[in-house]
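Report on one structure; see the data block that follows.
Scope of the values below: all heavy atoms of this structure, side chains included, with no hydrogens, waters or symmetry mates. Quantities reported herein were computed from a predicted structural model and do not represent experimental measurements. Read the numbers this way: they start at 1 and go in the same order the structure lists the ligands and their atoms.
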Amino acid sequence: MGLPLASEARLACLENRTPTIATLCSHSSLQIFHGARTEGYPTLGLCVGAPPKFYDAFPLARPDRFLSVPTVKDLPGATERLREAGAIIVPHGSFVEYLGPEAFTSMNVPVFGNRAVLGWESDRRKERDWLESAGATMPKLYEDPREIEGPVIVKYYGAKGGKGFFLAKNREALDEFRPTGPYVIQEYVVGTRYYMHFFYSPITEGGYRLEHGALELLGMDRRDEANIDELYKLGAQEELHRAGLRPTFVVTGNVPVILRESLLPKAFEIAGRIVERSIELFGGMVGPFCLEGIMTEDLEFKVFEISTRIVAGTNLFISGSPYSDLVAPGLSTGRRIAREVTLARATGRLSEILS
Ligand code: AMP
C-alpha cells in the first residue's frame with residue numbers, strides 16, 4: 001500500500017456510487033471523455049458559456065452532460081455541484097493554466113493524480129532540482145554570459161509557447177539580445193526532439209516495475225512549432241534578425257514519432273528515476289506525464305521540460321499508439337485514466353490515485 005494522497009473527507013462524495021469523469025472542454029477533453037465512456041463512466045463537460053459546438057461533430061466523445069459557468073474563475077464556486085455529481089476532475093494543461101495553480105489546488109473536489117506536483121512543475125528552479133536530483137541530464141544553465149560556449153536559447157520566466165525566446169549561435173550573437181523581463185540563458189541542445197507520454201500507476205501489479213507500482217509508455221509525439229519549424233525556408237537566421245523576424249515556438253499541432261528501440265531502456269530508466277524521486281519529494285507523480293527532451297547525436301537524452309499531466313500530444317492516439325497497443329489494444333491515455341479509476345475502486349485504493 002502506498003501513501004494516501006486524498007483525505008477520506010475529500011473522497012466521501014464518491015462513496016457507494018459510480019463516479020463521473022469531468023474535465024474542462026478543451027485541450028485533450030475529447031480523448032478523456034471518449035476514454036471514460038469506453039470504460040463505462042458517465043462524463044461531465046465543464047464549459048465557459050454555451051457548450052462548444054464542435055463537440056456535436058464527435059458524438060463518441062461528447063460528454064453526457066455539461067456544467068456551464070460564466071467565466072473560468074467561477075469554477076471553484078461550482079465545487080458543491082461537482083461533489084453532488086460524484087465528479088473526479090481530470091486536469092489537463094489548459095485547465096490548470098486558465099484557472100490558475102492556487103484556485104486549482106484549493107478546489108475541494110477529487111482530482112485525478114497528485115495536485116502537489118503543481119508546485120514542483122510550475123517553478124523552473126524546483127523542477128530542475130527534482131529532475132537533476134533524479135539523475136536526468138538537463139540543458140546547461142548559464143549564470144554568467146561570459147561562460148557561454150556554443151548556441152543558447154534565452155527564455156523569459158513563465159513564457160508560454162516559446163513566445164519571446166531568443167536564439168543566439170554563440171556568445172557574440174547574444175549581444176543583440178535586449179531583455180524585456182527576467183530570463184534564463186540555456187544551452188541550445190542540437191538534436192532531435194521527443195515528447196514521451198508515460199503513465200505511472202502506484203497500484204498496478206506486473207508490468208515495468210518501480211519500487212511501488214508500474215510505469216507504462218503510451219505514446220510519443222513531436223510538436224509542430226510555428227514559426228521555427230519552417231523558418232529555415234527564408235534563409236539564414238542573421239538575415240532574418242536584420243529583417244525583424246524573430247523565431248517563436250508556438251505549438252500548432254503534433255506529429256507521431258517512435259524512438260529507436262535500443263533507446264527505450266534509457267527512456268524508461270530516466271522516467272522511472274524521476275517518478276521514484278517524486279515519491280520522495282512530494283508523494284509521487286501519479287498518472288500521465290510527459291518527458292520532453294532532445295536526443296543528441298551522442299544518443300544522450302537532455303530533458304528540457306516535464307509536463308505532469310495528460311499532454312495534448314496524446315490526442316494523436318485516441319485509438320491506440322504503437323506503444324500502447326502493446327499494453328492493451330486501442331488504449332489511449334484518456335482510457336488508461338478511466339481504467340486506473342476502475343482498478344482503484346475494485347481494490348479500495350482510490351486515495352492513492354486521487355488527491
Ligand atoms: P519550453 O517552453 O521550455 O517547453 O520550450 C518550447 C520549445 O523550445 C520546445 O518545444 C523546443 O522546441 C524548444 N527548446 C526549449 N528548450 C530548448 C533547448 N534547451 N534546446 C533546444 N530547443 C529547446
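- Proximity to Glu187 (heavy-atom distance under 4.0 Å) selects the following atoms of ligand 1: 18 (C), 19 (N), 20 (N).
- Which parts of ligand 1 touch Lys155 is read off a 4.0 Å heavy-atom cut-off, strictly below it: atoms 3 (O), 15 (C), 16 (N).
- Per-residue contacts place Phe165 under 4.0 angstrom from the following atoms of ligand 1 (heavy atoms of the residue considered): 2 (O), 5 (O), 6 (C), 8 (O).
- When heavy-atom distances to ligand 1 are checked against a 4.0 Å cut-off, Tyr195 comes that close only through its side chain, counted from C-beta outward.
- Looking at Asn108 and Arg10, their side chains do bring a donor and an acceptor atom within 3.5 Å of each other.
- Under the salt bridge (charged side-chain N to carboxylate O under 4.0 Å, His left out) test applied with Arg193, the options Asp229, Asp224, Asp221 reduce to a single match, Asp229.
- Less than 4.0 angstrom separates some heavy atom of Glu305 from each of these atoms of ligand 1: 3 (O), 4 (O).
- With a 4.0 Å heavy-atom cut-off, ligand 1 is reached by the backbone of Tyr188 and by its side chain too.
- Under the 6.0 Å distance and 45° angle rule, Arg336 counts as a cation-pi partner of Phe199.
- Taking a cut-off of under 4.0 Å to the non-hydrogen atoms of Pro139, the atoms of ligand 1 that pass are 19 (N).
- With salt bridges taken as basic N to acidic carboxylate O contacts below 4.0 Å, none links Lys266 and Glu300.
- Some N or O of Glu225 is nearer than 3.5 Å to an N or O of ligand 1, by distance alone.
- Residue contact check: Arg193 has heavy atoms under 4.0 Å from atoms 11 (C), 12 (O) of ligand 1.
- Residue Arg335 forms a side chain to side chain donor-acceptor pair (under 3.5 Å) with just one option from Glu39, Glu340, Gln31, and that option is Glu39.
- Each of the atoms 20 (N), 21 (C), 22 (N) of ligand 1 lies under 4.0 Å from some heavy atom of Ile294.
- Ring pair His197/Phe317 is tilted by interplanar angle, where 30° to 60° counts as tilted.
- Contacts of Ile228 with ligand 1, taken as heavy-atom pairs under 4.0 Å, are absent altogether.
- With respect to Tyr183, the ring-ring contact (aromatic ring centres under 6.0 Å, His included) criterion is satisfied by exactly one of Phe165, Phe177, Phe166, Tyr142: Phe177.
- Classification of Glu187 and Lys302 as a salt-bridged pair holds, one side-chain N sitting under 4.0 Å from a carboxylate O.
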